Amino acid sequence: MGITVWQASEAGAKLQAAERPLLEPAANELVLEVLHCGLCHSDLSMLNNHWGITSYPLIPGHEVVGRVVSVGSAVNPDVIGELRGLGWISGSCCHCIQCLGGTGNLCASLEATIVGRQGGFASHVTAHQDWAIPLPEGIDPGVAGPLFCAGITVFSPLIDEAVSPTAHVAVIGIGGLGHIALQFARAWGCEVTAITTNLSKTEEAKRFGAHQVESIDQLSNLAGKFDLIINTVNHSLDWAAVMASLAPLGRLHQLGAVIEPIQVGAFDLIMARRSITGSPTSSPASLLKMVNFCVRHNIRPQVEHLPINRVNEAVERLQRGDVRYRFVLDLIGN
C-alpha cells in the first residue's frame with residue numbers, strides 16, 4: 001500500500017509531499033490512518049537538526065490522532081476502527097524493569113516517533129499498541145493531538161511527582177505548554193500563578209486557570225512562595241531568582257530544553273532542601289489518566305487548524321511565535 005508523507009530532505013528545507021510504501025506493522029504494532037497531527041517545537045528542532053540526531057529525509061509529527069486501520073499478528077483485531085492518540089514515543093521494549101515497573105518512558109530501548117521512524121505528517125503511521133492511546137468518549141479528536149506531547153509533558157510533574165492539591169504551583173511561560181499546564185494545575189486543586197514576559201496575556205492566563213499573573217522580572221519579590229515551578233521556556237533565566245522563589249522543599253521542574261547549562265549555586269539547594277527535576281513525557285498509564293482527566297475537567301488545548309498542505313506556513317509561523325497556542329494540521333475529516 002502506498003501512503004503520502006510530508007518530508008524535509010535536509011536541515012532547513014521545506015516539507016514536500018512524497019509517496020512511500022507503508023511498512024507492515026510488526027507483531028505488536030498497529031497502523032493509524034492520521035486524521036490530525038499537531039506541530040511542536042520539537043518538530044522544529046528535529047527539522048533543523050538542533051539536537052544532532054536527525055536523519056533525512058525527515059517526516060515530522062508526533063502529536064497524532066488517527067483511526068486504527070490494521071494491526072500486527074499479536075494485536076486484537078477488535079481495535080480496528082478505534083480512535084487513538086500517539087505522542088513522542090512509538091515503542092519500548094516492554095520487558096525491562098522500567099517498562100514492567102510502569103515507567104516505560106524511561107526504557108533504554110525507546111523508539112521515538114520521529115527519530116529513525118516516520119512521523120505523523122503522513123496519511124498513515126505505525127506504532128506499538130501500548131503507546132497508541134485510546135481516546136475516551138467526550139474528547140474532541142480535532143484538538144486532542146497536542147495533549148500527547150505538550151499535554152503529557154506538563155501533566156507528568158503533577159501525577160508522577162504526586163503533587164499535593166494544596167500546593168502553590170507556578171508556571172513559567174504561557175505558550176504551547178504553559179497554557180495547558182495552567183488548566184491542569186487549576187483542575188488539580190492547586191493555587192496557580194502564571195509567570196510571563198508578556199503581561200498582555202494576563203486575562204487569557206486567568207481564563208486558563210491562573211489565580212495570579214506575575215512578570216518574570218518580579219521573581220525576586222516572590223521569595224519562598226512556590227512549592228512547584230513548572231518551567232516551560234527553553235532559554236536561560238535568572239536561576240538564582242527562580243530558586244529563591246521556591247518554598248522550603250520546593251522543586252523546579254524543568255521542561256524547556258535549555259541548551260546552556262542551568263547555573264544554580266549549591267546553597268540554593270542546600271539551605272531549604274530545594275531540588276531540580278525534569279521529565280521526558282510519561283508512561284502509557286499516565287497518558288490514559290491524562291486524557292480521562294481532560295474529559296472530566298473539560299481541559300483542551302487552544303489550537304489553530306490548518307490543512308496539511310499548508311504545513312510550511314505553520315512551520316514558519318511557529319518559528320516566529322505566531323500562534324496561540326498550538327497548530328493542528330488536518331489530514332482528513334473525522
Side-chain angles (χ1 to χ4, degrees), residues 37-48 50-51 60-63 87-88 143-158 169-187 190 192-219 226 228-239 242 245 252-260 262 278-281 290 294 299-306 313-329:
C37 189
L39 174 65
C40 175
H41 267 284
S42 297
D43 292 309
L44 301 189
S45 296
M46 288 292 294
L47 281 167
N48 294 299
H50 287 160
W51 300 334
H62 59 277
E63 296 182 339
W88 179 259
V143 303
L147 293 173
F148 291 94
C149 181
I152 191 58
T153 297
V154 294
F155 188 70
S156 155
L158 296 175
V169 174
V171 177
I172 301 179
I174 313 308
L177 274 68
H179 86 285
I180 306 175
L182 293 175
Q183 296 179 68
F184 281 144
R186 180 64 177 256
C190 302
V192 185
T193 298
I195 299 176
T196 180
T197 59
N198 184 359
L199 288 176
S200 68
K201 294 183 178 180
T202 295
E203 292 307 312
E204 199 166 25
K206 289 183 176 179
R207 287 198 298 274
F208 288 130
H211 295 91
Q212 302 95 27
V213 180
E214 301 282 356
S215 170
I216 199 163
D217 296 334
Q218 299 303 309
L219 266 180
F226 305 119
L228 173 68
I229 296 175
I230 299 174
N231 183 21
T232 71
V233 302
N234 60 1
H235 55 79
S236 291
L237 301 173
D238 181 347
W239 298 113
V242 172
S245 71
L252 166 64
H253 197 85
Q254 182 65 32
L255 298 176
V258 182
I259 301 301
E260 303 82 10
I262 296 175
S279 55
T281 182
M290 178 197 66
C294 288
I299 293 169
R300 50 190 290 148
Q302 182 172 308
V303 308
E304 179 178 341
H305 288 270
L306 287 175
E313 175 187 339
V315 168
E316 291 168 4
R317 286 180 56 192
L318 181 58
Q319 285 175 327
R320 63 176 187 264
D322 180 25
V323 60
R324 286 197 175 178
Y325 283 95
R326 303 292 287 197
F327 279 118
V328 169
L329 287 305

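Everything numeric here is computed off the predicted structure, so don't read it as measured data. Excluded from the calculations below are hydrogen atoms, water molecules and symmetry mates; all remaining heavy atoms, backbone and side chain alike, are included.
Distance check, rounded to the nearest 0.5 Å: CG of L306 to CZ of R317 gives 6.5 Å. For the atom pair CE of M290 and CG of L147, the computed distance is 5.0 Å after rounding to the nearest 0.5 Å. We find the OG-CD1 distance between S279 and I230 to be 9.0 Å, quoted to the nearest 0.5 Å. One finds the OG1 atom of T281 at 10.5 Å from the CZ atom of F148 (value rounded to the nearest 0.5 Å). With rounding to the nearest 0.5 Å, the separation of CD in Q183 from CD in Q302 is 8.5 Å. Interatomic distance, T193 OG1 to F226 CZ, rounded to the nearest 0.5 Å: 4.5 Å.
Here the closest heavy-atom approach between residue C190 and residue H211 is recorded as O-CE1, 3.3 Å. When all heavy atoms of S215 and L199 are compared, the closest pair comes out as N-CD2, 3.9 Å. Contact detail for G176 and A150: the closest heavy-atom pair is O-CB, 3.9 Å. I195 and A170 get closest at one heavy-atom pair: CD1-CB, 3.8 Å. Closest non-hydrogen pair, I229 versus S245, comes out as CD1-OG, 3.2 Å. Scanning both residues, W88 and S42, for their nearest heavy atoms gives CZ3-CB, 4.0 Å.
Side-chain atoms of N231 and V242, non-hydrogen and from C-beta on, never get closer than 4.5 Å to each other. At a threshold of 4.5 Å between non-hydrogen side-chain atoms, the residues N48 and Q319 count as touching. Contact of the Y325 side chain with the P146 side chain is not registered, since no non-hydrogen atoms from C-beta on lie closer than 4.5 Å. A heavy-atom distance below 4.5 Å is found between the side chains of R326 and L177. Contact of the V143 side chain with the H305 side chain is registered, since non-hydrogen atoms from C-beta on lie closer than 4.5 Å. Contact check for L252 versus W239: side-chain heavy atoms found under the 4.5 Å cut-off. L39 is listed as a side-chain neighbour of V315, based on a closest heavy-atom distance under 4.5 Å.
Defined by atom type and a distance below 3.5 Å, a donor-acceptor pair is present between the side-chain atoms of S200 and N198.
Judged by distance alone, with hydrogens and angles left aside, the side-chain atoms of T232 form a donor-acceptor pair with the main-chain N or O of G173 at under 3.5 Å. A donor-acceptor pair is defined here as one N or O able to donate and one able to accept, closer than 3.5 Å; such a pair exists between the side chain of D43 and the backbone of G61. Side chain of H179 to main chain of I174: no donor-acceptor pair is present (N/O by atom type, distance under 3.5 Å, no hydrogens or angles).
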For H62 and M46, run side chain to side chain contact (heavy atoms under 4.5 Å, CB included): C-alpha distance rounded to whole Å, both residues' side-chain angles, the deciding distance at 0.1 Å, then the answer. CA-CA 11 Å; H62 59 277; M46 288 292 294; over 6 Å; no
What verdict does the side chain to side chain contact (heavy atoms under 4.5 Å, CB included) test give for I216 and L237, after you've listed the backbone C-alpha separation in whole Å, the side-chain angles of each residue and the deciding distance to 0.1 Å? CA-CA 9 Å; I216 199 163; L237 301 173; 3.5 Å; yes
Would you check, one step at a time, whether the test side chain to side chain contact (heavy atoms under 4.5 Å, CB included) holds for V171 with F208? CA-CA 12 Å; V171 177; F208 288 130; over 6 Å; no
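Atom CZ of R300 sits in a sparse spot, with 12 or fewer heavy atoms from other residues, nucleotides or ligands closer than 6.0 Å.
Applying the salt bridge (charged side-chain N to carboxylate O under 4.0 Å, His left out) criterion to R186, with sequence neighbours excluded, gives no partner residue.
Listed by first and then second residue, the salt bridge (Lys or Arg N to Asp or Glu O under 4.0 Å) pairs that reach into residues 192-206 are E204-R324, sequence neighbours excluded.
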